[in-house]
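Keep in mind that what you see is a predicted model, and the values were worked out from it rather than measured.
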Amino acid sequence: MIAAQNLTKTFGRLKALDRIAVTLNRGRSVLLVGPNGSGKTTFIKCLLGLVLPDEGSLTLDGGNLLTDPLLRRRIGYMPQIGRFPDNLRVGQIFDMMREIRRGTHTRTDEDLMTEFDISGIAHKQARTLSGGTRQKVSACLAFLFDPDILVLDEPTAGLDPVAAQMLKEKVRCERGKGKLVLVTSHILGDLEEITDEVLYLLEGRVLFHRSMEDLAAEHGESRLGPLIARIMQRSRNG
């Protein structure tokens with residue numbers, strides 16, 4: 001479980017996070033949405049230790065994520081755009097990550113590596129990879145050390161329909177094991193089948209955090225894309 005209390009971060013005059021208070025439970029897939037500049041990226045960076053908040057607390061199963069960096073080993077992260085050393089081959093990237101984590105992880109998860117046939121591209125240099133193939137490598141790295149928490153940023157962007165479906169099946173599988181999956185994306189139609197809850201940020205604050213079932217019932221719309229678009233339009237109109 002991830003819990004944030006009074007989480008606040010300011011950049012100059014911009015309050016990127018304004019007293020965020022939210023609890024994200026295991027066994028759930030949470031879609032993080034909001035207009036540009038709403039604080040989504042800052043919130044994720046706080047989880048990853050890339051940004052330190054000015055105030056507030058952020059915990060993982062009661063442990064302090066802000067003061068104990070070892071806790072972040074339990075988080076797998078798939079960035080929106082995977083960037084790797086140009087001259088490294090794909091196989092070397094995975095070898096490097098295993099070496100970095102040696103002695104800290106006894107469990108690995110190579111299911112996606114098999115599904116995406118990473119062995120077939122292990123010889124390719126990172127600079128030659130297409131955008132979709134980079135996404136596959138990034139996804140495999142996020143799941144590689146069997147993390148308890150998965151943070152996926154635009155996970156289906158650039159993936160062909162078959163690969164996107166494989167990734168969604170993997171998310172469902174991990175959610176079924178009691179893991180927490182936090183997803184942010186603008187391609188909402190791809191995520192309907194794996195979204196349990198929606199966490200909506202607006203101007204650095206939590207506008208709402210509700211289940212898909214509740215939102216669909218309230219707004220009379222079960223399709224994720226039109227549902228979120230309708231909510232965003234209402235928030236802009238006040």
Side-chain angles (χ1 to χ4, degrees), residues 1-4 7 22-32 40-52 57-84 90-91 93-116 118 134-157 159 163-185 190-191 193-197 199:
M1 179 183 74
I2 287 177
L7 200 67
V22 67
T23 298
L24 307 177
N25 292 307
R26 289 172 175 259
R28 305 291 282 175
S29 180
V30 182
L31 178 64
L32 176 62
K40 302 186 299 295
T41 299
T42 303
F43 181 68
I44 288 175
K45 286 184 175 181
C46 286
L47 287 176
L48 300 175
L50 301 176
V51 166
L52 291 177
S57 65
L58 189 60
T59 61
L60 195 167
D61 292 341
N64 192 336
L65 270 173
L66 303 179
T67 59
D68 185 357
L70 296 182
L71 283 174
R72 287 193 287 274
R73 293 176 178 173
R74 297 170 57 189
I75 300 175
Y77 174 54
M78 179 182 178
Q80 181 176 355
I81 301 175
R83 302 189 186 279
F84 313 109
V90 170
I93 294 171
F94 285 92
D95 290 342
M96 177 181 68
M97 293 307 299
R98 290 189 180 98
E99 181 65 24
I100 290 173
R101 293 292 190 96
R102 179 189 290 183
T104 65
H105 281 80
T106 57
R107 307 189 315 267
T108 57
D109 180 350
E110 299 185 3
D111 289 350
L112 272 185
M113 293 181 67
T114 300
E115 292 284 342
F116 290 157
I118 296 300
R134 284 178 177 270
Q135 285 291 89
K136 291 179 180 180
V137 171
S138 291
C140 291
L141 289 170
F143 286 85
L144 182 59
F145 298 103
D146 197 18
D148 300 317
I149 313 295
L150 289 153
V151 179
L152 311 178
D153 190 353
E154 300 286 356
T156 59
L159 293 180
Q165 190 61 35
M166 289 177 177
L167 179 56
K168 288 186 286 186
E169 290 290 345
K170 181 61 176 173
V171 168
R172 273 197 292 264
C173 177
E174 298 307 294
R175 180 185 60 185
K177 295 177 182 177
K179 297 184 179 182
L180 166 63
V181 185
L182 180 63
V183 182
T184 181
S185 178
D190 279 352
L191 303 175
E193 57 200 284
I194 61 169
T195 298
D196 298 312
E197 303 170 4
L199 172 58

Problem set entry | Flag side-chain contact, heavy atom, 4.5 Å: I118 against V90 | yes

Problem set entry | Residue pair P147 / A142: nearest heavy atoms and the distance that separates them | CG-O, 3.4 Å

For this session: Applying side-chain contact (heavy atoms from CB on, under 4.5 Å) between I44 and each of L50, L152, T184, report the one that passes.
Result: T184

Problem set entry | Contacts of type side-chain hydrogen bond (donor to acceptor under 3.5 Å, both in side chains), residue E174, not counting sequence neighbours | K170, K177, K179

Exercise. For the atom pair SG (C173) and CD1 (I194), what is the distance rounded to the nearest 0.5 Å?
Worked result: 13.0 Å

Exercise. Of all residues at least two apart in sequence or in a different chain, which pass the salt bridge (charged side-chain N to carboxylate O under 4.0 Å, His left out) check with D61?
Worked result: R26, R74

Exercise. Roughly how far apart are L71 CG and N64 CG, rounded to 0.5 Å?
Worked result: 8.0 Å

Problem set entry | I75 and L60, any side-chain heavy atoms less than 4.5 Å apart | yes

Problem set entry | Considering all heavy atoms, the nearest D109-F143 contact | CB-O, 3.3 Å

Exercise. Atom CZ in R134, atom CD1 in I81: separation rounded to 0.5 Å?
Worked result: 9.5 Å

Exercise. Sequence neighbours excluded, which residues qualify as side-chain hydrogen bond (donor to acceptor under 3.5 Å, both in side chains) partners of R73?
Worked result: none

Seminar exercise, completed: All heavy atoms of R72 vs all of L47, minimum pair found to be CD-O, 3.3 Å

Seminar exercise, completed: Here the pair of heavy atoms bringing L112 nearest to M166 is CD2-O, 4.3 Å

For this session: May I have the step-by-step check of side-chain contact (heavy atoms from CB on, under 4.5 Å) for Q135 and M78, ending in yes or no?
Result: CA-CA 8 Å; Q135 285 291 89; M78 179 182 178; 3.6 Å; yes

For this session: With sequence neighbours excluded, tell me which residues meet side-chain hydrogen bond (donor to acceptor under 3.5 Å, both in side chains) with Q80.
Result: none

For this session: Could you walk me through whether K40 and D153 pass side-chain contact (heavy atoms from CB on, under 4.5 Å), step by step?
Result: CA-CA 10 Å; K40 302 186 299 295; D153 190 353; over 6 Å; no

Exercise. Is there a side-chain contact between E99 and R102 (heavy atoms, below 4.5 Å)?
Worked result: yes

For this session: For residues V22 and L24, report the shortest heavy-atom separation together with the two atoms involved.
Result: CG2-CD2, 3.9 Å

Exercise. Taking all non-hydrogen atoms of both residues, which atom of V171 and which atom of S29 are closest, and how far apart?
Worked result: CG1-OG, 4.4 Å

Exercise. Taking only residues two or more places apart in sequence, or in another chain, which ones meet R107 in a salt bridge (charged side-chain N to carboxylate O under 4.0 Å, His left out)?
Worked result: D146

Problem set entry | Atom pair CG/CG of L58 and L65 - distance to nearest 0.5 Å | 5.0 Å

Problem set entry | Contacts of type side-chain hydrogen bond (donor to acceptor under 3.5 Å, both in side chains), residue T114, not counting sequence neighbours | none

Problem set entry | From E169 atom CD to E193 atom CD, the distance as rounded to the nearest 0.5 Å | 7.0 Å

Exercise. Hey, what do you get for CG (L182) to CZ (R28), rounding to the nearest 0.5 Å?
Worked result: 13.5 Å

For this session: Apply side-chain contact (heavy atoms from CB on, under 4.5 Å) to F116 and V137, showing your working.
Result: CA-CA 9 Å; F116 290 157; V137 171; over 6 Å; no

Exercise. Taking N25 for the side chain and G27 for the main chain, is one N or O donor matched with an acceptor at less than 3.5 Å?
Worked result: no

Exercise. Do the non-hydrogen side-chain atoms of L159 and K136 ever get within less than 4.5 Å of each other?
Worked result: yes

For this session: Test R175 against D196 for side-chain contact (heavy atoms from CB on, under 4.5 Å), laying out the working first.
Result: CA-CA 10 Å; R175 180 185 60 185; D196 298 312; 3.0 Å; yes

